[in-house]
Amino acid sequence: MSLRTTDVWVLGGYQSDFARNLHREGKDFADLATEVVDATLAAAGVDAEQIGVIHVGNAFGQLFTHQGHLGAMPATVNPGLWGVPAARHEAACASGSIAVLGAMADLRAGNYDVALVLGLELEKTVGGDEAARHLGAAAWTGHEGEDASFMWPYMFDKVIDEYDARYGIDQAHLSRIAEINFANARRNPNAQTRGWDVPDLGPAGDPANNPSVEGRVRRFDCSQITDGGAGVVLVSDAFLARNPGLRPIARIAGWGHTTVGLDIQQKLDRAAGQPYVMPHLRKAVLSAFDRAEVRLDDVDALETHDCFTPSEYIAIDHIGLTEPGESWKAVENGDIELGGRFPINPSGGLIGGGHPVGASGVRMLLDAGKQVSGTAGDYQVEGADTVATLNFGGSTATTVSLVVTAS
């Protein structure tokens, strides 16, 4: 294993079972943090006393549970972390990835050699309508979506409208994305929908079984309200040199990060006349590829942010798998299926796997690490040694992409 002075390695990690309802179990953030902290440390083969810094991704703690200050939660539940510097990061659905970037910056700067990164979210403390209102806080409150019943399906229906106006779009391709992700989730023992009975979503499917939520966004186009957490331990070259018996599962080879305004219409207006609907998203992906010194042909799979099927549709052309506006070709050709040319969301993604908002970016990194280390089990992409992630918050206001390799 060659070592580079700027490398950051994924030593190991853990994901909770996203099908659980922790509120119904009578559990709170302390219980979730205890589970994820202890299991992540065990998976990485390190003790709490070896952790130099902690970064926690969480988006909506105060709204769903009235619990803030979650950077202090790891030390609350694990005495070995008492006194370890920690911070909470909030960037809506990209909170977990921003926590990862914070930890990477600490390690690359030489401030610390070992970082614990957690993504934690509890969302099943309230009913579905109230949960949707809480999640809407990641939009531009009071300025957009005022006539929406459900903020985020409404926002991504706007994305469908934009694609339709520019290039045309077929609902059948969005439904097929959902079908693929639900099918992949059945292979994943931690996926929220692994036991779901999903009706036929194709052209022959009964629309009554897949009703509209907002506009052309239908029930099974949507990710789920989810409780859960994920964690990884990231380490530097110096730590590995001192601990030659520890073998990382992956190397973070590249990263990209862009932030734009909150308002969806502002984004669409600024991109008018350009080939890509969300050019800042493509910029984040290309930055990650450039830093990793890879091209798309070098990447074996993608874990992407399918909060809704339109968001995965965006990812397909924005990463360069097709020309702009031609994402449907990769869907029709089976390219994005497990076993296809470029599997997307072999884990089931957010639609099939679940979406505890602050945890999703960390979970994506962990799943990418599993793929390149050959430990993904029944959803393993054969021969994968380079996998990318694409995670965004809000209507792509914050976008983070990572490239993960085997060494």
Which distance, rounded to the nearest 0.5 Å, do you find between the [atom1] of [X] and the [atom2] of [Y]?
X	Y	atom1	atom2	answer
Cys307	Phe392	SG	CZ	4.5 Å
Ser236	Asp113	OG	CG	3.5 Å
Met104	Asp7	CE	CG	9.5 Å
Thr309	Phe156	OG1	CZ	10.0 Å
Leu365	Asn391	CG	CG	10.5 Å
Ser223	Phe308	OG	CZ	5.5 Å

_Just to verify, what does Lys27 make a side chain to side chain donor-acceptor pair (under 3.5 Å) with, not counting sequence neighbours?_
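For Lys27, no residue satisfies side chain to side chain donor-acceptor pair (under 3.5 Å) once neighbours in sequence are set aside.
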*With sequence neighbours left out, what residues match Gln371 under side chain to side chain donor-acceptor pair (under 3.5 Å)?*
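Residues passing side chain to side chain donor-acceptor pair (under 3.5 Å) with Gln371: Gln380.
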Not counting sequence neighbours, list each pair that qualifies as a salt bridge (charged side-chain N to carboxylate O under 4.0 Å, His left out) and has a residue in [range].
range	result
residues 260-273	none
residues 357-381	Glu303-Arg363, Arg363-Asp367
residues 176-198	Asp17-Arg194, Arg176-Glu179, Arg176-Glu337

Evaluate the side-chain proximity of [Y] to [X]: yes if any heavy-atom separation is below 4.5 Å, no if none is.
X	Y	answer
Thr396	Ile264	no
Gln265	Lys158	yes
Ile177	Asp306	no
His134	Val126	yes
Ile249	Leu11	no
Leu240	Pro248	yes
Phe29	Thr34	no
Val299	Val387	no

*Are Tyr163 and Asp317 close enough that a side-chain donor and a side-chain acceptor fall under 3.5 Å?*
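On atom types as modelled, these side chains qualify, holding a pair under 3.5 Å.
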*asked:* Does either side chain, that of His355 or that of Thr226, offer a donor lying less than 3.5 Å from an acceptor on the other one?
replied: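 The criterion, which ignores hydrogens and geometry beyond distance, is not satisfied for Thr226 and His355.
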_Salt-bridge present (Asp227, Lys124; N to O < 4.0 Å)_ =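 Salt bridge: no.
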_Between Asp164 and Arg216 (salt bridge meaning N to carboxylate O under 4.0 Å), is one present in this structure?_
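Salt bridge between Asp164 and Arg216, a charged N being under 4.0 Å from a carboxylate O: yes.
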If we ignore hydrogens and angles and just use 3.5 Å, is the side chain of [X] paired with the main-chain N or O of [Y] as donor and acceptor?
X	Y	value
Ser311	His305	yes
Asn184	Asn345	yes
Ser401	Thr389	yes
Asp47	Gln50	no
Gln224	Leu350	no
Ser16	Gly229	yes
Arg282	His318	yes
Asn210	Leu201	no
Asp335	Arg341	no
Ser95	Ala92	yes

With [X], which residues qualify under salt bridge (charged side-chain N to carboxylate O under 4.0 Å, His left out), at least two apart?
X	value
Asp31	none
Arg133	none
Glu130	none
Asp385	none

*Are more than 12 heavy atoms from other residues, nucleotides or ligands located less than 6.0 Å from atom CD of Glu323?*
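For Glu323, atom CD is not crowded (no more than 12 foreign heavy atoms under 6.0 Å).
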*Does CD belonging to Glu382 count more than 12 external heavy atoms closer than 6.0 Å?*
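Atom CD in Glu382 is not packed in, count stays at 12 or less.
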*Got a sec, which pairs hit ring pair (Phe, Tyr, Trp, His ring centres under 6.0 Å) with one end in residues 210-236, sequence neighbours left out?*
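Pairs touching residues 210-236 that pass the test: Phe182-Phe220.
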Closest contact, heavy atoms only, [X] versus [Y]:
X	Y	result
Glu144	Ala139	OE2-CB, 3.5 Å
Tyr154	Gly145	CE2-CA, 3.7 Å
Ala185	Thr193	CB-OG1, 3.5 Å
Ser347	Gly349	OG-N, 3.1 Å

*Any chance you could lay out the salt bridge (Lys or Arg N to Asp or Glu O under 4.0 Å) test for Glu162 and Arg166, step after step, and finish with the verdict?*
CA-CA 6 Å; Glu162 183 68 17; Arg166 291 190 184 198; 2.8 Å; yes
Under 3.5 Å donor-acceptor pairs involving side-chain atoms of residues 283-298, not counting sequence neighbours:
unit_1: Ser287; atom_1: OG; unit_2: Lys283; atom_2: O; d: 2.9
unit_1: Arg291; atom_1: NH1; unit_2: Trp255; atom_2: O; d: 2.6
unit_1: Asp298; atom_1: OD2; unit_2: Arg295; atom_2: N; d: 2.8

*Report the C-alpha distance between Lys329 and Glu326 in whole Å, list the side-chain angles of each, state the deciding distance to 0.1 Å, and finish with yes or no for salt bridge (Lys or Arg N to Asp or Glu O under 4.0 Å).*
CA-CA 6 Å; Lys329 290 184 177 180; Glu326 296 183 351; 3.2 Å; yes
Contacts under 3.5 angstrom, residues 53-74 side chains, donor-acceptor by atom type, not counting sequence neighbours:
unit_1: His55; atom_1: ND1; unit_2: His89; atom_2: NE2; d: 2.8
unit_1: His55; atom_1: NE2; unit_2: Asp106; atom_2: OD2; d: 2.9
unit_1: Asn58; atom_1: OD1; unit_2: Gly61; atom_2: N; d: 3.0
unit_1: Asn58; atom_1: OD1; unit_2: Arg88; atom_2: NE; d: 3.4
unit_1: Asn58; atom_1: OD1; unit_2: Arg88; atom_2: NH2; d: 3.0
unit_1: Asn58; atom_1: ND2; unit_2: Leu120; atom_2: O; d: 2.8
unit_1: Asn58; atom_1: ND2; unit_2: Glu121; atom_2: OE2; d: 3.0
unit_1: Gln62; atom_1: OE1; unit_2: Arg88; atom_2: NH1; d: 2.9
unit_1: Gln62; atom_1: OE1; unit_2: Arg88; atom_2: NH2; d: 3.2
unit_1: Thr65; atom_1: OG1; unit_2: Gly61; atom_2: O; d: 2.7
unit_1: Thr65; atom_1: OG1; unit_2: Gln67; atom_2: N; d: 3.2

*Using side chain to side chain contact (heavy atoms under 4.5 Å, CB included) as the criterion, point out the one residue from Asn181, Leu338, Asp300 that pairs with Pro346.*
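It is Leu338; the other options fail the test.
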